[in-house]
Student: 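Okay, handing you the structure first.
As a basis for the values below, the full set of heavy atoms in this structure was taken, side chains included, without hydrogen atoms, waters or symmetry mates. Numbering of ligands and ligand atoms starts at 1, following listing order.
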Amino acid sequence: MTPAAEIQKGPVARLAEIEAEIAVAAEEAGRKPADVQLIAVSKTFDAPQITPVLEAGQRRFGENRVQEAAGKWPALRQQFADVELHLIGPLQSNKTREAVELFDAIHSIDRPKIARGIAEEMAKQGRKLKLFVQVNTGEEAQKAGVLPRELPALLALCRDELGLTIDGLMCIPPVDEEPAIHFAFLAKLAAENDMAGLSMGMSDDFATAVAFGATHVRVGSAIFGGRS
Ligand SMILES: *Cc1c(COP(=O)(O)O)cnc(C)c1O
């Protein structure tokens, strides 16, 4: 397809293509397509762009900022009550209360303070979120995520002291490295620590992530188009 034709396609057509590509990648890996959950990453897009995707039946969405999500999702949820909202960006401790109120899943637990805050707020609010620990698999200085060597201690805190169920691990591979290496590493860490969930794979590499066991792929621009 020419780039011009690709641009003319709307998010609903692209959503269907991504779903089909996920299904093919799953089947090629001997996995069930239903075992891979597509999170449509709607950050920077507003209700007019998100609504058609909701109307097409997509219910799982990802946002990377609490404030931005709080500005648009409560209204969208009045129309689509069964939306499942995933926080995929870094969480600041002063936003924990709001994050636990708004989101159904948090993918970015990466330090004790955040884990404690989430545990406290879930207890206070009587809410139970799906939780992922973000791992800085590339050990990049500027990137969020717990270092691999510090993962066991953080998981022990979450589980033994805070009584949290951690559903899986999340990573964002370094841009200049082969993502497969990071996906394989994250899968190994999850298996070693008895977790089934793997949040990995974005627009450019979700098929590879599915081959390496992703249970949640976070796809933004391939559905909604480029972000300014
Ligand atoms: C923005 C974002 C994505 C989606 O990225 P695309 O390349 O647009 O698919 C996935 N994960 C995280 C954590 C993000 O911030």
Side-chain angles (χ1 to χ4, degrees), residues 3 6-7 9-22 25 36-46 49-50 53 58-73 84-92 95 99 102-111 114 118 129-140 142-146 167-180 182-183 185-187 190 197-228:
E6 193 65 54
I7 286 161
K9 264 194 222 161
V12 171
R14 290 193 294 252
L15 173 74
E17 286 180 356
I18 302 289
E19 283 171 341
E21 287 174 41
I22 289 171
V36 184
Q37 305 194 351
L38 170 60
I39 301 171
V41 177
S42 49
K43 66 186 185 198
T44 76
F45 293 97
D46 295 324
Q49 289 127 342
I50 298 171
V53 174
Q58 174 69 22
R59 286 295 180 272
R60 199 172 289 114
F61 288 85
E63 291 282 346
N64 70 335
R65 290 165 183 267
V66 176
Q67 230 40 57
E68 183 189 335
K72 61 190 177 189
W73 280 101
E84 189 183 299
L85 212 50
H86 292 245
L87 178 63
I88 60 173
L91 177 58
Q92 280 140 20
K95 301 267 165 61
L102 184 63
F103 288 92
D104 303 290
I106 295 176
H107 292 237
S108 49
I109 296 176
D110 66 352
R111 56 193 190 278
I114 292 299
I118 289 171
L129 278 64
K130 265 215 177 84
L131 301 174
F132 294 79
V133 167
Q134 181 175 354
V135 184
N136 185 355
T137 57
E139 308 208 12
E140 296 172 279
Q142 78 290 359
K143 193 165 271 174
V146 64
D167 298 280
L169 300 178
M170 181 271 233
C171 78
I172 307 171
V175 287
D176 53 352
E177 288 182 26
E178 179 55 58
H182 293 271
F183 298 154
F185 182 40
L186 196 72
L198 284 170
S199 168
M200 57 190 198
M202 316 196 332
S203 289
D204 290 336
D205 54 21
F206 66 86
T208 305
V210 169
F212 282 90
T215 59
H216 296 71
V217 293
R218 312 178 307 266
V219 179
S221 49
I223 297 171
F224 290 102
R227 290 178 294 268
S228 48

Student: Relative to ligand 1, is D204 under 4.0 angstrom through side chain, backbone, both or neither, heavy atoms considered?
Tutor: neither

Student: Are F132 and H86 an aromatic pair, judged by ring center distance below 6.0 Å?
Tutor: no

Student: Listed by chain and number, what are the salt bridge (Lys or Arg N to Asp or Glu O under 4.0 Å) partners of K143, not counting sequence neighbours?
Tutor: E140

Student: Under 3.5 Å between some N or O of ligand 1 and some N or O of K43?
Tutor: yes

Student: Looking only at protein heavy atoms, identify the closest one to atom 11 (N) of ligand 1 and say how far it is in Å.
Tutor: R218 NE, 2.8 Å

Student: Before you tell me yes or no, could you show the steps for E84 and R60 under salt bridge (charged side-chain N to carboxylate O under 4.0 Å, His left out), namely the whole-Å CA-CA distance, both residues' side-chain angles and the distance that decides it to 0.1 Å?
Tutor: CA-CA 5 Å; E84 189 183 299; R60 199 172 289 114; 3.2 Å; yes

Student: Side chain to side chain donor-acceptor pair (under 3.5 Å) with E63: which residues, sequence neighbours excluded?
Tutor: S42, K72, W73

Student: Which of the numbered atoms in ligand 1 are below 4.0 angstrom from a heavy atom of V219?
Tutor: 9 (O)

Student: Nearest protein heavy-atom contact for atom 12 (C) of ligand 1: which residue, which atom, what distance?
Tutor: I88 CD1, 3.4 Å

Student: Output yes when the distance from some N or O of ligand 1 to some N or O of G220 is under 3.5 Å, and no in every other case.
Tutor: yes

Student: Provide the number and element of each atom of ligand 1 under 4.0 Å from a heavy atom of I172.
Tutor: 13 (C)

Student: Taking a cutoff of less than 4.0 Å between a non-hydrogen atom of the residue and any ligand atom, is R227 in contact with ligand 1?
Tutor: yes

Student: Sort out for me which residue in V219, L15, V53 forms a side chain to side chain contact (heavy atoms under 4.5 Å, CB included) with F224.
Tutor: V53

Student: Give the residue, atom name and distance (to 0.1 Å) of the protein heavy atom nearest atom 6 (P) of ligand 1.
Tutor: S203 OG, 3.4 Å

Student: Around atom 10 (C) of ligand 1, find the nearest protein heavy atom and jot down its residue, atom name and distance.
Tutor: M202 SD, 3.3 Å

Student: Over all heavy atoms of both residues, which pair between R65 and L87 is shortest? Give the atoms and the distance, please.
Tutor: N-CD1, 4.3 Å

Student: Please report the C-alpha distance between V41 and M202 in whole Å, then the side-chain angles of each, then the deciding distance to 0.1 Å, and finally whether the side chain to side chain contact (heavy atoms under 4.5 Å, CB included) criterion is met.
Tutor: CA-CA 9 Å; V41 177; M202 316 196 332; over 6 Å; no

